[in-house]
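Below: one structure, written as structure tokens.
Because only heavy atoms are used, hydrogens play no part in the values below, and waters and symmetry mates are left out as well, while side chains stay in.
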Amino acid sequence: EDQVTQSPEALRLQEGESSSLNCSYTVSGLRGLFWYRQDPGKGPEFLFTLYSAGEEKEKERLKATLTKKESFLHITAPKPEDSATYLCAVTNAGGTSYGKLTFGQGTILTVHP
Amino acid sequence: DTAVSQTPKYLVTQMGNDKSIKCEQNLGHDTMYWYKQDSKKFLKIMFSYNNKELIINETVPNRFSPKSPDKAHLNLHINSLELGDSAVYFCASSQLNNYNEQFFGPGTRLTVL
């Protein structure tokens with residue numbers, strides 16, 4: 001069964017203090033690894049998809065990287081508006097679980113001004 | 001302009017009642033999903049429909065019955081509600097061959113008293 005573990009559970013940063021969130025995964029044939037952002041009271045918002053080890057994607061202050069066992073979400077010079085829960089998810093190559101996303105428990109990021 | 005919409009946003013009901021949650025997407029996607037997010041914010045898939053056909057059915061009590069009248073709509077009917085059904089339910093949609101980038105609705109917070 002696919003498994004996703006995110007760390008830390010919660011992260012407090014000062015504005016401008018760069019850091020990284022970790023997502024470790026076990027999956028039978030990775031088809032894609034996804035990062036989502038979730039604000040309180042809202043649905044998850046798609047950020048990135050990574051398909052293979054070595055791949056990197058960037059969006060504003062966020063950069064996602066992927067290895068064969070884990071993914072990192074690097075946040076450079078964060079701002080208070082980056083405060084949210086960041087969710088990692090994987091989908092495998094198919095079979096009866098085709099299309100299924102398995103999520104981690106999320107990392108709650110708080111950025112103080 | 002809402003891509004994935006759900007109604008109602010809040011649902012408060014008594015144990016034993018039957019209730020429905022509706023979901024609509026205007027993205028032209030062929031696949032829709034229901035997820036449950038528990039009090040610890042853990043997001044878990046319940047069902048998935050592709051072109052009105054059930055393709056994912058996780059271990060969910062048979063009190064939960066999804067219905068897809070067309071590929072733009074996926075409703076969730078819950079019979080004999082229990083306290084443990086209290087959670088936030090999210091609808092999502094994707095184009096199944098697009099490596100499963102899923103777009104989520106705003107969620108329905110269900111409280112069973």
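- From B:Gln37, atom CD reaches atom CG of A:Leu87 across 7.0 Å, with rounding to the nearest 0.5 Å.
- Counting heavy atoms from C-beta on, the side chains of B:Lys41 and A:Gln38 never come closer than 4.5 Å.
- A distance of 10.0 Å separates OG1 in A:Thr49 from CD in B:Gln102, rounded to the nearest 0.5 Å.
- Within 6.0 Å of CD in A:Glu81 there are more than 12 heavy atoms belonging to other residues, nucleotides or ligands.
- Around the CD atom of A:Glu9, the shell of radius 6.0 Å holds no more than 12 heavy atoms that belong to other residues, nucleotides or ligands.
- When all heavy atoms of B:Tyr35 and A:Leu101 are compared, the closest pair comes out as OH-CB, 3.4 Å.
- Only the side chain of B:Lys9 comes within contact range of chain A, with heavy atoms under 4.5 Å apart.
- Taking a 6.0 Å sphere around CZ of B:Arg109, one finds it holds 12 or fewer heavy atoms contributed by other residues, nucleotides or ligands.
- Residue-environment remark: NZ (A:Lys57) exceeds the threshold of 12 foreign heavy atoms within 6.0 Å.
- At most 12 heavy atoms of other shown residues, nucleotides or ligands fall within 6.0 angstrom of atom CD in A:Gln3.
- Taken from CZ in B:Phe42 to CZ in A:Phe103, the straight-line distance is 9.5 Å, to the nearest 0.5 Å.
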